[in-house]
Amino acid sequence: MTLGAEHLVIISVLAFFAYGLKGLTGFGPALLFVPVASVLFNQPLAVAASGVLDATSGAALTAADARIRRGREGLLIGTTMAVGTAVGVVVLSLVPGPASAAMLVLAILVGLASVVAAQLKGPVEQSRKTGPRGGAVGLLAGFTGGVTGISGPPLVIYLQRVLTPHDLRIVVTRVLLISAVVRVATFLAVGDGIASAMLLALVCLPMQLVGILTGSRLSRRTSPRSLATVNSAIVAASVLLAACNAFWTTGVRP
């Protein structure tokens, strides 16, 4: 992995904004981080580094917010998501670059359509239990995250139908922490460039923590409807980034 001065600036700024969104919404950093880092380096390295950063950011948010530490909501989703994540990482190590790029675009496009539809309906006013269906959603989200580094869309599509935006932030943070730890452990097991991923994550860590702190403070002042709007905007912006990454990986130019 080559990390020049221009790469250092870009990846640091990217970490700040991507994980500022994590602090605000509980999800979203991979939607920005993975496509851009894939262009700068390669997708497996970007996905592995994203896993490390998701683990550190999830741990930081959990340590700083007692609401995330309390309760068991999301544990079933987290367990099945862990299984799906391990399978997805193994698949990523086997499929060619164009196929993984296509899956990245598909994951974000599906997320875009569903999140926009939810935005039109407005946020949930009172949270409900996630129920057994959440286990299947966790499995799909984990697999998507393992292959593309983006596990948020399937998860958010489901959870925003049953949780208020502020409760969604808490549950998603808890669930994605489990997924991130499993993703890193699986990359360690398959030995797919994890050393370079650790180095990249270390470079991003200072600005990541600043971003998380900034986003967390903003979340306390943000209304449920505004949070729902931010969720839609995150996924919409990521479509363009994912499309650029797909063109870059396959050698196609628009």
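Nothing fancy with the numbering, it's 1 onward along the sequence.
Within the 4.5 Å cutoff, the side chain of V137 has no heavy atoms near those of the I77 side chain. Taking 4.5 Å as the limit, every side-chain heavy atom of L76 sits out of range of all side-chain heavy atoms of T130. Within the 4.5 Å cutoff, the side chain of I212 has heavy atoms near those of the S216 side chain. Using a 4.5 Å heavy-atom threshold, the side chains of M207 and L14 count as separate. By the 4.5 Å heavy-atom criterion applied to side chains, F33 and C204 are counted as neighbours.
Residue V172 is grouped with residue L218 when hydrophobic side chains (ILVMFWY) are merged at heavy-atom distances under 4.5 angstrom, including chains of intermediate members. In the hydrophobic clustering of ILVMFWY residues, with side-chain heavy atoms under 4.5 Å counting as a link, F17 and L53 come out apart. A continuous path of Ile, Leu, Val, Met, Phe, Trp and Tyr side chains, each step under 4.5 Å between heavy atoms, connects F41 with L8, placing both in one hydrophobic cluster. Side-chain heavy atoms closer than 4.5 Å link hydrophobic residues (I, L, V, M, F, W, Y) into clusters, and following such links, possibly through other members, connects I68 to L159. Linking Ile, Leu, Val, Met, Phe, Trp and Tyr whenever their side-chain heavy atoms come within less than 4.5 Å puts L188 and L92 in one cluster.
Shown are L176, L140, L139; of these, the side chain to side chain contact (heavy atoms under 4.5 Å, CB included) with M81 is made only by L176. Shown are D54, L213, T214, L205; of these, the side chain to side chain contact (heavy atoms under 4.5 Å, CB included) with Y19 is made only by D54.
Remark: D167 CG to R128 CZ distance equals 12.0 Å, nearest 0.5 Å. In this structure, CG on D65 lies 6.0 Å from CD1 on I170, to the nearest 0.5 angstrom. Taken to the nearest 0.5 Å, the CZ atom of R169 stands 13.5 Å off from the CG atom of L163. For the atom pair L45 CG and L199 CG, the distance stands at 9.0 Å (nearest 0.5 Å). To the nearest 0.5 angstrom, L61 atom CG is 10.5 Å from R67 atom CZ. Separation of atoms NE2 (H166) and OG (S223) is listed at 7.0 Å; rounding is to 0.5 Å.
The neighbour count for E6 CD, taken as heavy atoms of other residues, nucleotides or ligands under 6.0 Å away, is above 12. Annotation for R69: atom CZ counts as buried by contact number, over 12 foreign heavy atoms lying within 6.0 Å.
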* Check step by step if side chain to side chain contact (heavy atoms under 4.5 Å, CB included) holds for I178 and T79. => CA-CA 8 Å; I178 298 172; T79 301; 5.9 Å; no

* Under the side chain to side chain contact (heavy atoms under 4.5 Å, CB included) criterion, do M198 and V52 qualify, and how do the steps go? -> CA-CA 7 Å; M198 291 286 189; V52 176; 4.0 Å; yes

* Test L209 against T56 for side chain to side chain contact (heavy atoms under 4.5 Å, CB included), laying out the working first. => CA-CA 9 Å; L209 294 177; T56 57; 5.8 Å; no

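Of the possible donor and acceptor atoms, none in the side chain of R217 sits under 3.5 Å from a partner among the backbone N and O of G23. A donor-acceptor contact shorter than 3.5 Å links the side chain of S127 to the backbone of T164.
Scanning all heavy atoms of the two residues, the minimum distance from S12 to V203 falls at OG-O, 4.4 Å. Of all heavy-atom pairs between I11 and A37, the closest is CD1-CB, 4.3 Å. Across A49 and A197, no two heavy atoms sit closer than the pair N-CB, 3.6 Å. L24 and L227 get closest at one heavy-atom pair: O-CD2, 3.6 Å. Contact record, V182 with A82: CG1-O, 3.3 Å, taken as the closest heavy-atom pair.
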